[in-house]
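What you are looking at is a predicted structure, and each value in this text was computed from that prediction instead of being measured. Lettering follows sequence order; numbering is per chain, from 1.
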Amino acid sequence: MYRCNDTNPNFAARYSHIFLIFNINLMNDKIRLRFAPSPTGALHIGGVRTALYNYLFTQKMGGTLILRIEDTDQTRYVPGAEAYILESLRWLGMEFDEGPGIGGDFGPYRQSERKSLYGKYAQNLIDSGNAYYAFDTAEELTAMREAYESRKETFRYDGITRQELNNSLTLSAEEVKTKLENGDPYTIRLKVPRDEEVVINDIVRGEVVFRTNELDDKVMLKGDGMPTYHLANIVDDHLMKISHVVRGEEWLPSTAHHVLLYRFLGWEDTMPQFAHLPLILKPSPDSYITKENKVALAERLVDEFFNKNEEIDQSYRSDALAFLSQIFQDKKNVVSKLKISKKDDDNKRALKVFLKSNLSGKLSKRDGDRLGFPVFPLSWVGETKEDSFKGFREFGFMPQAMLNFLAFLGWNPGTEQEIFSLPEMVDAFSLDRIGKAGARFDFDKAKWFNQQYLIQSDNATLVELLKPMVKEKNYEVTDEYLTAAVGMMKERVNTLPEIIETGYYFFEPVKEYEEKMIHKKWNPDRKTALLDLKEQLENLPDYQAEKLEASTKTYLEANGLSFGDVFPFYRIALSGTTKGPALFEMMEALGKAEVEKRLLTAFPAFDEVFATKTNS
RNA sequence: GUUCCUGUGGACAAAUUGGUUAAGUCGUUGCUCUUUCACAGCAAAGAUUGCGGGUUCGAGCCCCGUCAGGAAUACCA
């Protein structure tokens, strides 16, 4: 039975005073974490959260944070992905101590550049009898898997099946030698022992036990000479002296293999501690299926289904649509209706499998697109439109708000504080307050966080962030004016761009007047009073909010009018809507001339709107 | 199918480690403030802690069973 070391993650921190007494400083060079993304596309929200937790823990412990690029799969390599990852992390304000482009004593930090390193360890495994050469081709294995599947069984390359397969365990030494000398393609597979238990002591999950008989003989070295994730990861973590592995829960099932590897390579005593993070889940179907969108959503899903399964005939389309609208009827039980039953034909089966993976489970990049929220920190432009996504930044989120939101997906400080600056978060963070259950992505909450940050930020900062967007729209305004507009709008929106979208009237003439109020209350005879008031205000020595308000009050009292008689029409004239910032502040910001212009164009327009109502 | 993980109001979650009345936040609804919207403040609705047993004076927490959801099951990471 193999046990990973089970020291407390906070051990060094907790007892640092003792180490200090003995003048041993374990903290700084002991705690080393790594964030190890794969450059196969944009870094999604789950990866960002993993990076965050790695960052928080290292900062908290005064450790070292390493960025390692895991690009061992050449077929999935996407140019630009690494740059995207770097830029995302920079935007979010997470700094790394070592990594590509940063430097460090343990480089190189791209696995493709470390290729020559791994063969030696694979050979070690062979030499110690813990791995073997496998000559089965990918095609043979695929065929085998299909054959098993047709019998409703699952093929696994393991301690049983390897005895029947084409490898150095079944072939004679002579045959193996010949094959190797001939340059026949081969992989090196881990020889998982029989009848043992591997015990993992996970920081967030506690003790997890795997029986080796359930484990497959994973490939360590691929046919192209590249290591798989499993080998490269363990070798690099060891060579880079990683102390804690904080990664997503999807890795938990293969952790047993990793523990085995540490042991076979003789590194078990320095094996890092594992912390497997809960997954970030899609919003549940019943939260986003509405009367309004369910038809569009169904069509979209069916489109994607046919896109993905080109072999299925289009004639199945109406059936698929019908099925979807049927399961959307009762949105509470969508997932349970996706169970495959015996009477389902192949099409139905394929459809159900597709829907299940798209309506439940891990949050995926498609979801964002489909449901209208971002899943990536920054926009990503892929080769096709389908592979391009809008990021949190482009949605108008502030990096700190995104981090704050993400931090709470799977962790909480145990206090009632919700808004944390990055340093505060570092201070409050600990691995043992990470939860075990999957956390559901909730865009409403994300927006709330962003709004809190918007309100909290000073106007000057927001103005700087807004300037590029203002420029893009070709609005010509002074900083002073923008500052005023931002001050009035920021607590009325969730994201930055909304300031100039819903508050467009600060930058250009009103596009449309809200008709309801005009129909209800507009009285052409009132115009004289409104114009009267306008003139009185224009004659004030300074066109300033408080003065305007005082003067208006006087006027209304003198003429027996109420606020309600006047305000809505001024408001609609200036902004097109009855919602929005305080009227007099808006007037001050817009300025005397602009206000006059807008009032004079609005009143005749109101008459017209009013006339259409009386006519109809 | 198999292995592993996880179940606390609609969502995120707390619960001093077995202690009595199950926090708080988002969302929803209402009230206050306000010319409107928003912000802020206050309040309400919403939970037999997935379900069934057991242990115990006492169970969200421990044990057994069961159901549901998720992950993994590639020469991907």
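Within the 4.0 angstrom heavy-atom criterion, no nucleotide atom of any strand lies near A/Val566. Within the 4.0 angstrom heavy-atom criterion, no nucleotide atom of any strand lies near A/Lys152. Counting any heavy atom pair closer than 4.0 Å across all strands shown, A/Gly414 reaches no nucleic acid atom. Contacts of A/Thr72 with the nucleic acid, taken as non-hydrogen atoms under 4.0 Å apart, involve only primed sugar atoms and P, OP1 or OP2. Residue contacts for A/Phe210: at a heavy-atom cut-off of 4.0 Å it reaches the sugar-phosphate backbone alone, with no base atom in range. Among the protein residues, A/Thr154 comes within range of the nucleic acid bases, having at least one heavy atom under 4.0 Å from a base atom. At a threshold of 4.0 angstrom between heavy atoms, the contacts of A/Arg151 with the nucleic acid are absent. Counting any heavy atom pair closer than 4.0 Å across all strands shown, A/Ala138 reaches a base atom. If you check every strand for non-hydrogen atoms under 4.0 Å, A/Tyr229 touches a base. A/Lys362 comes within 4.0 angstrom of sugar-phosphate atoms only, judged by non-hydrogen atoms across all strands, and of no base. Residue A/Asp136 is classed as a base contact, given a heavy-atom separation below 4.0 Å to a base. Across all strands shown, A/Lys553 has no heavy atoms under 4.0 Å from either base or sugar-phosphate atoms. Using a 4.0 Å heavy-atom cutoff across all strands shown, A/Ser336 reaches sugar-phosphate atoms only and no base atom. Contacts of A/Arg76 with the nucleic acid, taken as non-hydrogen atoms under 4.0 Å apart, include base atoms.
For the pair A/Asn412 and B/A14, the criterion of a side-chain N or O lying under 4.0 Å from OP1 or OP2 is met. Checking the phosphate oxygens (OP1, OP2) of B/C75, a side-chain nitrogen or oxygen of A/Arg145 falls inside 4.0 Å. Checking the phosphate oxygens (OP1, OP2) of B/G69, no side-chain nitrogen or oxygen of A/Lys282 falls inside 4.0 Å. One finds no side-chain N or O of A/Arg156 lying less than 4.0 angstrom from the OP1 or OP2 phosphate oxygen of B/U2. Phosphate proximity of B/A13 to A/Lys445: absent, as no side-chain N or O sits under 4.0 Å from OP1 or OP2. Considering only side-chain N and O atoms, A/Ser360 lies under 4.0 angstrom from the phosphate OP1 or OP2 of B/G70.
Per the geometry, OH belonging to A/Tyr288 stands 18 Å off C1' belonging to B/G27, to the nearest Å. Regarding A/Asp158, its CG atom lies at a distance of 16 Å from the P atom of B/U2, rounded to whole Å. Atom pair A/Leu359:CG and B/G70:C1' shows a separation of 15 Å (rounding to whole Å applied).
For B/G27, there is no paired nucleotide, since no Watson-Crick or G-U wobble pair has both relevant distances below 3.5 Å. Checking B/A71 for Watson-Crick or G-U wobble geometry (two distances, each under 3.5 Å) identifies B/U3 as its partner. Across all strands shown, B/A38 forms no Watson-Crick or G-U wobble pair with both distances under 3.5 Å. Pairing for B/A14 is absent, with no Watson-Crick or G-U wobble pair whose two atom distances lie under 3.5 Å. The partner of B/A59 cannot be assigned: no Watson-Crick or G-U wobble pair with both contacts below 3.5 Å exists in any strand. Remark: B/C33 base-pairs with no nucleotide in the shown strands. Criterion, Watson-Crick or G-U wobble with two distances under 3.5 Å. Pairing partner, B/A45: none, since no Watson-Crick or wobble contact has both distances short of 3.5 Å.
Nucleotides B/C63 and B/G7 are separated by 13 Å at their P atoms, to the nearest Å. Taking atom C1' in both B/G60 and B/A13, the straight-line distance is 13 Å, to the nearest Å. B/A11 sits 33 Å from B/A74 when the P atoms are compared, rounded to a whole Å. Taking atom C1' on both B/C37 and B/C33, the two are 13 Å apart, rounded to the nearest angstrom. Using atom C1' as the reference point in both B/U66 and B/U6, the two lie 16 Å apart (nearest Å). With P as the reference atom, B/U28 and B/G65 are 43 Å apart, rounded to whole Å. Taking the P atom of each, B/A59 and B/G18 are spaced 13 Å apart, rounded to whole Å. Rounded to whole Å, the C1' atom of B/C51 lies 10 Å from the corresponding atom of B/A68.
Under 4.0 Å is where a charged nitrogen must lie from a carboxylate oxygen, and between A/Glu82 and A/Arg110 at least one such pair does. A/Glu214 and A/Arg156 are joined by a salt bridge, as a carboxylate oxygen and a charged side-chain nitrogen come within less than 4.0 angstrom of each other.
Cation-pi geometry between A/Lys179 and A/Phe135 is satisfied (NZ or CZ under 6.0 Å from the ring centre, within 45° of the ring normal). Taking the ring centre of A/Tyr157 as origin, the terminal cationic atom of A/Arg162 falls outside the region bounded by 6.0 Å and 45° from the ring axis. A/Arg571 forms no cation-pi arrangement with A/Phe567, by the criterion of a distance under 6.0 Å to the ring centre and an angle within 45° of the ring axis.
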| Which letters describe nucleotides 33-49 of chain B, given B = protein heavy atom under 4.0 Å from base, S = only from sugar-phosphate, - = neither? | --BBBBSS---------
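Other residues, nucleotides and ligands place more than 12 heavy atoms under 6.0 Å from the CZ atom of A/Phe584.
Using a 30° and 60° split on the angle between ring planes, A/Phe397 and A/Phe443 fall in the tilted class, from 30° to 60°. Classification of the A/Phe408-A/Trp411 ring pair by plane angle, with boundaries at 30° and 60°, yields perpendicular.
In summary, of the residues considered (A/Asp236, A/Asp73, A/Asp71), a side-chain hydrogen bond (donor to acceptor under 3.5 Å, both in side chains) with A/Gln111 occurs for A/Asp236 alone.
Listed for the A/Arg205 side chain is no donor-acceptor partner under 3.5 Å among the backbone atoms of A/Leu252.
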| message | Assess the residue pair A/Glu140 and A/Asn166 against the criterion (side-chain hydrogen bond (donor to acceptor under 3.5 Å, both in side chains)); give the C-alpha distance rounded to whole Å, side-chain angles, the decisive distance to 0.1 Å, and a yes or no. | response | CA-CA 10 Å; A/Glu140 284 167 2; A/Asn166 196 8; 4.8 Å; no
